[in-house]
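Sequence lines set the chain letters: A, B, ... in the order given, protein chains first and strands last, and positions in each chain run from 1.
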Amino acid sequence: MSMIKHIQQCVTGGLTSLFGETFTAADFQVNTTVADFEGDYTVVLFALVKKLRLSPDVLGTKLGDYLAEAHPQLFKEYTIVKGFLNLSVADAYWMEVLLTNYTNADFGRQLPNGKKVMVEYSSPNTNKPLHLGHLRNNFLGWSVAEILKANGYEVIKSCIVNDRGIHICKSMIAWQRYANGATPESTGTKGDHFVGDYYVKFNEACTAEVNELVATGMAKELAEKEAPIMKATQQMLLDWEKGDPEVMSLWRRMNGWVYEGFAQTYARIGSDFDKTYYESDTYLLGKETVQAGLAKKVFVQREDNSVWIDLTADGLDEKLVQRKDGTSVYMTQDIGLAQQKYDQYGIDKSIYVIGNEQNYHMKVLQLICKRLGMPYADDIYHLSYGMVELPGGKMKSREGTVVDADDLLDEMVANAEKEAVKNNAGKPESEFNKMTRAEQQALFNMIGPGAMKYYLLKVDPKKTMVFNPEESIEFTGFTGAYIQYTHARIRSILRREAATPGWQPGAGVLLPLERSLIMALEQYPFVLEQAAAEYNPASIANYVYHLAKTFNSFYTEHAVASAETEDKKQLRLRILMLLANVIRSSMAMLGIGVPERM
RNA sequence: GGUCCCGUAGCUCAGUUGGAUAGAGCAACAGCCUUCUAAGCUGUGGGUCACACGUUCGAAUCGUGUCGGGAUCACCA
């Protein structure tokens, strides 16, 4: 049990035995004591003062005395400052936390809780390569999935590939017209980039045709529909839906190229999926749902045969769920897929990691499921994340400011190398310079993408964030590399010195930085729990940074191998063992590896 | 126009179930490597928490309004 929970329990127990009144943990606050005051944790008395009709000083003294007497193994002493009861936790408690956990690789993880949750976190279109926005989505979803696993959930990571539609037909048409049979192999191009290039080519050709038509006096809007290449694309989409063998064959071939490319990128960033859905399989789903909805009178059919749902009672609009020609829209597919996920896996929770531009769509989806009486409607959760912008504003494909994922990763790796070489210049004996070339290369591949992940995950998911290219490749300060470096420093000590088994702490008192470290480590299970409850990897990123920072202060202040006494050495080695483990574990939650040396 | 989100140091961000003097990093400046990795540490300067009013013993945090920025409201996906 965590110290915070101990305090909550002891305080409610104390209030009952002192005043005969019943309180719950929600009736008062327990905070970590702010620096400059004596103590580790603080009980805020004001809320209790009111109910008990006692002055803060009187209540604080009674409560403080009680805690010190009834729980001497937990509390050493207390002070009262202006309504704040500051508790100093007994060293023995911190020692016990340390000694019971310092070799526990699973520290902070929870046992299976029997709940099953699906996290859908990637929905690429197959007409172009992944970009920076996809990275935030992927990192976030993957991390949330890992955090949930650590908290005892069974997690199914899923991906929905938008492999059909007008977008991929555009690339196909352009390839037919301009490629002369070229392939990724023949041109030495990564498959997704290869197909993306033809998507660009399509837009160029289309723009040219539109301009030509506009020059003849046609309105631009009409010209965009009438451009021959556009008409050919629309025809191709119809052919695809009819299953035209030639079109299907080309479609499979080009998607295949894209998947090869995606696979490389996913492998590089460590994204993996337990289940991949393809829109070409799911786009017809939901048709029965429409019938069912009509029967239940949740949907209404209009004279032109289109089907709608009226959500105005919930402050939304009327939404179309089936076109007049009987084909289903995006929303209908989504209802069908939601049902399928539930049917196939019996999930308790269905999380969608999707950008906040789709907040409205997701709200509607959930509401429709609710209206239809779907049992899982309340278990749909939209993990909405903010857009990634550049210092100059949004990324715009038209202006060519979209940051390509592969390029970015290359840049990060290259920069990791540059930094390493710079930092180790003139130090032939440094750990880095003693590595083999292959070891160095592996290190760059850990640091570069790790920096990228940390940069994107340390910000609260729901907030729009700015991606500053110069700042993102920094390796100092509040960065992934800083934490990786800290881990390497700790491991460096632990390679040289081993903790002696069976050691029992002597009479010595914990020094402030030793206390701070153990106290922060003790909070790890709570941090993991909170991160899961809020679906927020950023809280872990912030926590592990705080840990690393505390250690680095400790490191310059205190020696481990040559500590003042053998007792201190044994103590500190154990702190470092737990610390290295928690750093590694925290970073693993973010999908970032930590090196032995760097 | 309707709905929703956001506004904290020059920049990027923490802090928001209401609690003590609002914190980090970057950038700037000044120090620290004969001692376990200086990708590090220590210090200095930097704030009308967009603004106003309200609720409260107490507001960056809650409420109302104003201003500024963004998203969305397709028989697109």
Side-chain angles (χ1 to χ4, degrees), chain A residues 26 29 31 33-37 42 44-47 49-50 56 81-84 86 123 125 162 164-167 279 283 302 304-308 315-317 319-325 327 329-331 333-334 355-361 363-364 384 386-387 389 391 394 416 419-420 422-424 427 429-432 447 455 458-460 462-468 470-472 474-479 481-486 488-497 538-539 541-542 545-546 548-549 551-563 572 576 597-598:
Chain A
Q29 281 188 27
N31 302 330
T33 304
V34 291
D36 302 349
F37 288 96
T42 296
V44 184
L45 300 170
F46 298 106
V49 160
K50 231 178 219 176
V81 186
K82 294 194 295 180
F84 298 93
N86 298 328
S123 49
N125 288 359
N162 302 124
R164 67 163 283 278
I166 196 78
H167 53 88
E279 198 199 337
Y283 83 109
R302 291 187 180 172
D304 65 358
N305 270 333
S306 59
V307 181
W308 296 74
L316 305 178
D317 306 282
K319 293 292 293 185
L320 178 88
V321 293
Q322 189 175 80
R323 296 190 188 94
K324 64 185 172 196
D325 63 6
T327 58
V329 292
Y330 185 46
M331 182 63 72
Q333 300 171 34
D334 274 358
N356 61 14
E357 71 226 335
Q358 296 206 38
N359 283 356
Y360 184 79
H361 174 82
K363 208 167 165 181
V364 170
S384 166
M387 298 292 102
E389 298 184 352
K394 296 178 207 175
E419 282 296 310
K422 190 184 85 187
N423 289 326
N424 289 281
K427 300 178 190 170
E429 289 305 305
S430 75
E431 295 282 1
F432 174 77
I447 296 174
Y455 186 88
K458 71 180 179 183
V459 180
D460 185 340
K462 65 174 180 283
K463 291 197 175 173
T464 300
M465 66 173 292
V466 174
F467 175 84
N468 184 325
E470 283 150 34
E471 197 179 275
S472 70
E474 290 284 331
F475 293 125
T476 59
F478 188 10
T479 64
Y482 171 88
I483 294 156
Q484 289 170 324
Y485 178 71
T486 304
R489 279 181 137 183
I490 297 167
R491 291 296 312 152
S492 171
I493 296 170
L494 293 176
R495 273 195 303 277
R496 288 190 181 83
E497 303 283 344
S539 57
N542 280 292
Y545 172 68
H546 169 72
K549 202 171 152 50
F551 168 77
N552 280 318
S553 296
F554 169 89
Y555 183 84
T556 41
E557 193 83 16
H558 304 293
V560 178
S562 54
R572 290 173 189 168
L576 263 56
R597 304 174 167 82
M598 83 180 258

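For B:rG19, the OP1/OP2 oxygens have no side-chain nitrogen or oxygen of A:Lys82 closer than 4.0 Å. A close approach under 4.0 Å does not occur between any side-chain nitrogen or oxygen of A:Arg164 and OP1 or OP2 of B:rC76. Under 4.0 angstrom from either OP1 or OP2 of B:rC36 there lies no side-chain N or O belonging to A:Arg491. Applying the 4.0 Å criterion to OP1 and OP2 of B:rU37, one finds that A:Ser492 has a side-chain N or O inside that range. For the pair A:Lys427 and B:rA39, the criterion of a side-chain N or O lying under 4.0 Å from OP1 or OP2 is met. Between A:Tyr482 and B:rC41 there is a side-chain N or O to OP1 or OP2 distance below 4.0 Å. A:Arg323 has a side-chain polar atom (N or O) that falls below the 4.0 Å cut-off from OP1 or OP2 of B:rA77. Dashed line: the shortest gap from a side-chain N or O of A:Lys463 to OP1 or OP2 of B:rG7 is under 4.0 Å.
Note: A:Tyr330 and A:His361 have parallel aromatic rings, judged against thresholds of 30 and 60 degrees for the angle between ring planes.
Comparing B:rA14 with B:rC53, their C1' atoms are spaced 29 Å from each other, to the whole Å. Nucleotides B:rA27 and B:rU64, compared at atom P, are 42 Å apart to the nearest Å. Using atom C1' as the reference point in both B:rG69 and B:rU8, the two lie 16 Å apart (nearest Å).
Closest to the side chain of A:Tyr555, out of B:rC41, B:rA77, B:rC36, is B:rC36. Of the candidate nucleotides B:rA20, B:rG40, B:rC73, B:rA20 has the atom nearest to the side chain of A:Val81. The side chain of A:Glu471 has B:rG25 as its nearest neighbour among B:rG7, B:rG25, B:rA20. Nearest nucleotide to the side chain of A:Gln29, out of B:rG40, B:rC75, B:rG18: B:rG18. For A:Arg496, whose side chain is taken as the heavy atoms from C-beta onward, the closest listed nucleotide among B:rU42, B:rU37, B:rA39 is B:rU37.
Contact annotation: the side chain of A:Phe84 approaches that of A:Val44 to within less than 4.5 Å [non-hydrogen atoms, C-beta and beyond]. The side-chain heavy atoms of A:Lys462 and A:Asn356, taken from C-beta on, include no pair separated by under 4.5 Å. Put simply, the side chain of A:Val560 does not reach to within 4.5 Å of the side chain of A:Tyr555, judged on heavy atoms.
Distance A:Met465 CE to B:rC6 C1': 15 Å, rounded to the nearest Å.
A:Asn468 comes within contact range of no nucleotide atom at all, as no heavy-atom separation falls under 4.0 Å. Residue-level contact check: A:Ala420 touches the bases, meaning some heavy atom is under 4.0 Å from a base atom. Note on A:Lys50: a base of the nucleic acid sits closer than 4.0 angstrom, heavy atoms only. Counting non-hydrogen atoms under 4.0 angstrom, A:Glu279 reaches the backbone sugars and phosphates but no base. Note on A:Asn423: a base of the nucleic acid sits closer than 4.0 angstrom, heavy atoms only. Base contact: A:Met598 has a heavy atom under 4.0 Å from a base atom. Among the heavy atoms of the strands lying under 4.0 Å from A:Val459 are primed sugar atoms or P, OP1, OP2 only; no base atom is included. Residue contacts for A:Asn125: at a heavy-atom cut-off of 4.0 Å it reaches no nucleic acid atom on any strand shown.
Donor-acceptor pairing under 3.5 Å is recorded for the side chains of A:Thr327 and A:Arg323.
Residue-to-nucleotide contacts include a donor-acceptor pair under 3.5 Å from the side chain of A:Asn86 to the base of B:rA20. Evaluation of atom-type donor-acceptor distances gives a pair under 3.5 Å for the side chain of A:Thr42 against the base of B:rA20. At a cut-off of 3.5 angstrom, the base of B:rC41 holds no donor-acceptor pair with the side chain of A:Ser553. Residue-to-nucleotide contacts include a donor-acceptor pair under 3.5 Å from the side chain of A:Asp304 to the base of B:rC75.
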> Where do A:Arg491 and A:Glu431 land on the salt bridge (charged side-chain N to carboxylate O under 4.0 Å, His left out) test, with the steps shown first?
Replying inline: CA-CA 12 Å; A:Arg491 291 296 312 152; A:Glu431 295 282 1; over 6 Å; no
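The aromatic ring of A:Tyr485 does not sit over the base of B:rG40, since the test of centres under 5.5 Å and planes under 30° is not met.
Cation-pi contact between A:Arg164 and A:Tyr283: present, with separation from the ring centre below 6.0 Å and deviation from the ring axis of at most 45°.
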